[in-house]
Number of protein chains: 2
Amino acid sequence: MEKRKGTVTIKDISRKCGVSVSTVSKALNHYGDIAPETAELIRQTAREMHYVPNTAARQLKTNTSHNIGVLFVDEMNSGLAHEYFSGILDAARAEAERLGYDITFIGKNIGGKPMTYLEHCQYRKVDGVLIANVDFSDPGIIELVTSGLPVITIDYAFDSTSCVMSDNMEGAYALTSYLIGRGHRKIAFIHGERTSVTNKRLVGFNRALKDHGIVPDDRYIVQGRFHDPQKSREATRYLMELPDPPTVIMYPDDFSYIGGMTELEKMGLSVPGDVSTAGYDGIPISQFIRPRLTTYHQDAAQIGRVSAAKLVETIENKKTCIPEEISVSGHILEGTSVAEI
Amino acid sequence: MEKRKGTVTIKDISRKCGVSVSTVSKALNHYGDIAPETAELIRQTAREMHYVPNTAARQLKTNTSHNIGVLFVDEMNSGLAHEYFSGILDAARAEAERLGYDITFIGKNIGGKPMTYLEHCQYRKVDGVLIANVDFSDPGIIELVTSGLPVITIDYAFDSTSCVMSDNMEGAYALTSYLIGRGHRKIAFIHGERTSVTNKRLVGFNRALKDHGIVPDDRYIVQGRFHDPQKSREATRYLMELPDPPTVIMYPDDFSYIGGMTELEKMGLSVPGDVSTAGYDGIPISQFIRPRLTTYHQDAAQIGRVSAAKLVETIENKKTCIPEEISVSGHILEGTSVAEI
DNA sequence: CTATGAAGCGAAAACGATTTCGACACGAGA
DNA sequence: TCTCGTGTCGAAATCGTTTTCGCTTCATAG
């Protein structure tokens, strides 16, 4: 004697309209073989009854969820809190939603039961995955990437999948060239872990030096880590204690710059009086601190949008869509942290 | 002549084990009426065959998704990018995952078709919703909150649902008392929009003044906005141009503080030499800028964890679980932005 | 020896949609 | 008149699970 459970189904509509469920389904999905008036009637009453389709049922039948997974891991707790990635995620979410897809997070366990990323994806039946800010050498990631599930990676290139990258080579080139244009010759480069991002930036950096006839000085190139102010402080101190210290220091990201700045301050050095600095990312806060940071702004929103769009395209034309490397460029945000010398 | 579609189902296991699908299902769900050896055999082969349950089917049958929705709206584009909220989200995600729930974003439209938040939730069949950082007067939010779906709100209290809040009254009280303890009497308070968060802070602020025998000065209480550096600059200028300016300014959040600081700097005022400042939030960056900000640190991680835990609890004991207001307290982060006078 | 009950398992009906295939009516061409 | 195509629609199978209820056994109490 159970009454309606609150949710209205396709069957309720069929009853009310005096047609079969098949007809309702077809009308709602704009099939061609339903009389226009019938279809309109059905759609109208569906609206009136506040019908909302049951994703689970649809998913079960069609084996697609209109749902995409995201893998954003916070190595070192900067994770979501890092504005670059949260900017990307936010934009991706908006774009995906516009295209009819929802976003759910993919983790490496669910309910205490550990599962691989791939299993989690299968479990949730996501149609595709967006991967960013993870350790791309993780076997779990590799498994996922090679599974055949549509995947877009961000800032890292596999050859089996499409990826979208901030144009790191161009960015480093532009930034370095800018510094050279301001008269700098002794340019230090603190870079992040040796990922492809770092490699591309190094290429851009070296190319800029070369194009301006400057010979690279190994001592000025030091390894730091992304988003690690502490590491950045150490690198900064090392550089400034060199017998012939650089006139400008480039940081791997704005967050690292903050660390560097506190060290410079501690050493009694002023920016840009004693040494100039440049960042990378262009997070909002970088324009509010003093000195206002000269930095290369990565267009996180655009990256997010493009990633989502490309992923959906891959999902919907899985056979014809070939892997592609999309790069989105940013621009220099000119602050007051670089002196003209 | 279709072969297995790659995914192994309960039926495949039943065939392999020579039992019925019902038995498999029961074994997997730890029902009592299956012989231990049978159950173990089934679970073992399930593992071997890499069985992963089909959520859609389960969801269809049980009408629960083990999936919770989150509503994080970025009014003014600070959204996810704001570390306080992304910190909450991140922690909530981790905790939910630990409890066996995934998280998907809820928006106000899907695939171009506008739908209410509630409809979106029904569409995705989420078991509950976490709401934060939205306009709580939005009819769509009200509809959702009163729909009977388990809901947890963050930093805002409805009486029909549980909410978890940073203890704003206590925080404002503690921070104000701290300032008084440092000798300040002329304390300005730039506050955010008149939400309940703001109201509680005002109560804490006034109570602290009263407890220390200071009479509140209306001119020192000015309305700003959360996370709006520009608005904050204006308020700062207004305050400092008063005939009898305050000796310390409290900002509604650390981000607003950054705006205020740039204005002070522009006016040629030094912090804390000419005027002291205090923030609210305790985002990481606040401890890297100079002067190091004295601020009230809200425990975003704890708020996220508690929210997710309480939501799951509400979902799983919908009848017995009564609405509750949970407050999680933070602590003062003592920086160098407040002078002793 | 029979009645009883528990323990272990399976048949089958859902859940709400999609989709194939056939049924039926009707107008037109032969 | 008969056939045939076309335009509309419905029956029914199906997706993978959960869950109820009944059917066997078999041991034990009577």
Side-chain angles (χ1 to χ4, degrees), chain A residues 1-43 45-46 49-67 119 122-125 127, chain B residues 1-43 45-46 49-67 119 122-125 127:
Chain A
M1 207 32 100
E2 300 235 344
K3 278 278 103 103
R4 298 285 100 243
K5 302 236 284 318
T7 40
V8 12
T9 78
I10 218 179
K11 196 180 295 181
D12 299 320
I13 301 178
S14 84
R15 202 172 309 139
K16 186 147 193 168
C17 291
V19 297
S20 74
V21 293
S22 351
T23 306
V24 174
S25 174
K26 285 190 272 194
L28 259 21
N29 293 324
H30 295 91
Y31 271 55
D33 69 343
I34 302 295
E37 315 85 57
T38 319
E40 193 39 56
L41 168 68
I42 291 173
R43 284 194 282 266
T45 63
M49 299 178 74
H50 292 104
Y51 167 74
V52 13
N54 185 318
T55 343
R58 176 179 307 192
Q59 191 173 316
L60 182 56
K61 197 69 189 36
T62 64
N63 212 32
T64 72
S65 60
H66 274 254
N67 198 162
E119 284 169 342
Q122 296 173 175
Y123 178 67
R124 277 299 167 199
K125 289 254 178 302
D127 295 336
Chain B
M1 208 31 99
E2 299 233 346
K3 277 278 105 102
R4 299 282 102 246
K5 304 234 285 315
T7 40
V8 13
T9 78
I10 218 178
K11 197 180 295 180
D12 300 318
I13 301 178
S14 84
R15 202 172 310 140
K16 186 146 197 169
C17 291
V19 297
S20 74
V21 293
S22 349
T23 306
V24 175
S25 173
K26 286 189 273 194
L28 259 21
N29 293 323
H30 295 89
Y31 271 57
D33 67 345
I34 302 294
E37 315 84 57
T38 319
E40 194 38 57
L41 169 68
I42 291 173
R43 283 194 282 266
T45 63
M49 301 178 75
H50 292 106
Y51 167 74
V52 14
N54 185 318
T55 342
R58 178 180 307 198
Q59 190 172 319
L60 181 57
K61 199 69 187 45
T62 64
N63 210 33
T64 71
S65 59
H66 274 253
N67 199 162
E119 283 169 345
Q122 296 173 177
Y123 179 66
R124 277 299 166 197
K125 289 255 178 300
D127 294 336

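In what follows, chains carry the letters A, B, and so on, assigned in the order in which the sequence lines appear, proteins first and then strands, with residues in each chain numbered from 1.
When rounded to the nearest whole Å, the span between CD of Gln122(B) and C1' of dC15(C) equals 17 Å. The CG-P distance, from Leu60(B) to dA13(C), rounds to 17 Å in whole Å. With rounding to whole Å, Leu28(B) atom CG is found 8 Å from dT18(D) atom P. One atom, CD1 of Ile10(B), and another, P of dG10(C), lie 12 Å apart when rounded to the nearest Å. The separation between Ile42(A) atom CD1 and dT18(C) atom P is 12 Å, rounded to whole Å. One interatomic measurement links the two molecules: CG of Asn54(B) to P of dC15(C), which rounds to 18 Å at whole-angstrom precision. Rounded to whole angstrom, the span from the NZ atom of Lys61(B) across to the P atom of dA12(C) amounts to 16 Å. Rounded to whole Å, atom P of dC15(D) lies 13 Å from atom NZ of Lys125(A).
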Does the side-chain contact (heavy atoms from CB on, under 4.5 Å) test come out yes or no for Thr9(B) and Asn54(B), once each step is laid out? CA-CA 8 Å; Thr9(B) 78; Asn54(B) 185 318; over 6 Å; no
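Nucleotides of DNA chain C nearest to Ala56(A) and Thr23(A) differ in position, and the one nearer the 5' end is that of Ala56(A).
Distances were taken from every side-chain heavy atom of Thr9(A) (C-beta onward) to each of dT18(C), dT18(D), dA17(C); the shortest belongs to dA17(C). For Lys26(A), counting side-chain heavy atoms from C-beta on, the closest listed nucleotide (dT18(D), dT19(C), dT18(C)) is dT19(C).
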For nucleotides 23-26 of chain C, tabulate all protein N/O to nucleotide N/O atom pairs closer than 3.5 Å, reporting atom names and distance.
none

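With sequence neighbours left out, Lys125(B) forms a salt bridge (Lys or Arg N to Asp or Glu O under 4.0 Å) with no residue at all.
Within residues 29-40 of chain A, the residues that have a heavy atom under 4.0 Å from DNA chain C are, in order of number, Asn29(A), Tyr31(A).
Here Ser22(B) lies in heavy-atom contact (under 4.0 Å) with a base.
How far CZ of Arg58(B) is from CD1 of Ile10(B): 8.5 Å, rounded to the nearest 0.5 Å. In this structure, CG in Leu60(A) is found 12.5 Å from OG in Ser65(A), a value given to the nearest 0.5 Å. We find the CG-CZ distance between Asn67(B) and Arg124(A) to be 4.5 Å, quoted to the nearest 0.5 Å. Here the NZ atom belonging to Lys16(A) is positioned 10.5 Å from the CG atom belonging to Leu41(A), to the nearest 0.5 angstrom. Rounded to the nearest 0.5 angstrom, Arg43(B) CZ and Ile34(B) CD1 are separated by 9.5 Å.
The side chain of Ser25(A) places an N or O atom within less than 4.0 Å of a non-bridging phosphate oxygen (OP1 or OP2) of dT18(C).
In this structure, Thr7(B) and Val52(B) have side chains that are not in contact, with every pair of non-hydrogen atoms separated by 4.5 Å or more.
Side chain of Ser14(B) to backbone of Lys11(B): a donor-acceptor contact under 3.5 angstrom is found.
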